[in-house]
Amino acid sequence: MMINKPMIGVAAAVLVIAVGTWYYLHSRGAMPPPAAVATLPPPAAEPPAPPAEEHPLPGAQADAASKTPLPALADSDAPLSDAISPVVGAAAVKDYLLPENIIRHLVVTIDNLLRQKVAVEKRPVAPTPGSFVAEGDEQHAVLSPQNYARYQPLVTVISKLDVRQFVPVYVHFYPLFQQAYQDLGYPNGYFNDRLVRVIDSLLATPQPKEPIELVRPNVMYQFADPALESLPAGQKLLVRMGPENAAAIMAKLRELRSAITATPLKR
């Protein structure tokens, strides 16, 4: 919908071995009966091995991060904010990053970007200021370029982000991102794999010709083109941001993808 707000454990194999026991019965002056052999149950099938990581973190960075103590997930908000502030600026952290449950909300939102809707109440950043603007009337409306300006301050912050400084922070706190991802219902999943899939989806966002037509079947506007309206939430967000903002975000996403995985980008 057009006014939605934007942005390991590994199963252990268990082997059950049953041991049969011979019982010898002796009686005075009689031959012992044949030995009774206990019937053994079939060995329990080993559970399937967890899927391999598609996009493991860079080895040297991951090894270094694993040697540094981490706070508990519930206590990670302040340490993470302190670590991000030198990278993006204390003012940007204060203005855009909501201070509670940062990692959990980041994980939920990133996971949802491949779905049709994002959980607004779990967003990690403050709502985009201003209201959604459509031009025309309810019968023939189009997406107004005035909407694009709403996203420019945040896009400017992201565009200036030094990925080389950001990635060590991400890698250091990665075990907590992984824990939050498992808690979300993916006990055998890898959060970095999900993040890369989300990035790849965002980079595949179509670039529709403008003006972009809208319909309003109820309270909220939707894209008139069913193909656009059926896009994942993350792609629809980039369309709403306008082509220039989307291009700036995609450029930074390409940098981030290259930094968090050695897997080449599919084109």
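For clarity, every value in this text was computed on a predicted model and none was experimentally measured. When a residue number appears, it is its place in the shown sequence, counting from 1.
Put simply, CG on Asp111 and CG on Leu106 are 12.5 Å apart, with the number rounded to the nearest 0.5 Å. Note that CZ of Arg240 and CG of Asn147 are 9.0 Å apart. Values are rounded to the nearest 0.5 Å. Put simply, NZ on Lys236 and NZ on Lys117 are 8.5 Å apart, with the number rounded to the nearest 0.5 Å. Atom OH of Tyr151 is separated from atom OG1 of Thr156 by 14.5 Å, given to the nearest 0.5 angstrom.
Atom CD of Glu213 has 12 or fewer heavy atoms from other residues, nucleotides or ligands within 6.0 Å. No more than 12 heavy atoms of other residues, nucleotides or ligands shown are found within 6.0 angstrom of CD on Glu244. Residue Gln146 qualifies as open at atom CD: its count of foreign heavy atoms under 6.0 Å is 12 or below.
Using a 4.5 Å heavy-atom cutoff, the side chains of Thr261 and Leu57 are not in contact. Residues Val88 and Lys160 are not in side-chain contact: their nearest non-hydrogen atoms beyond the backbone lie 4.5 Å or more apart. Within the 4.5 Å cutoff, the side chain of Val196 has no heavy atoms near those of the Glu54 side chain. Looking at Val239 and Phe223, their side chains come closer than 4.5 Å, going by heavy atoms from C-beta outward. Side-chain contact between Ile249 and Leu202: absent, with no pair of heavy atoms (C-beta onward) separated by less than 4.5 Å. Taking the side chain as every heavy atom from C-beta outward, Asn192 and Glu53 never approach each other to under 4.5 Å. For the pair Leu143 and Phe132, the minimum side-chain heavy-atom distance is below 4.5 Å. Counting heavy atoms from C-beta on, the side chains of Val142 and Leu214 never come closer than 4.5 Å.
Considering Arg123, Lys122, Glu121 in turn, Lys122 is the only one that fulfils the side-chain contact (heavy atoms from CB on, under 4.5 Å) rule with His105.
At a cut-off of 3.5 Å, with distance as the only test, a side-chain donor of Tyr174 or Gln178 sits close to an acceptor on the other residue.
Contact between Ala259 and Val167 at its shortest, heavy atoms only, is CB-CG2, 3.4 Å.
Salt-bridge check for Glu255 with Arg164: failed, with every basic side-chain N at 4.0 Å or more from each acidic carboxylate O.
Taking the six-membered ring for Trp and the full ring otherwise, the centers of Phe173 and Phe177 sit at least 6.0 Å from each other. Here the two rings, on Tyr190 and Tyr181, have centers that are 6.0 Å apart or farther.
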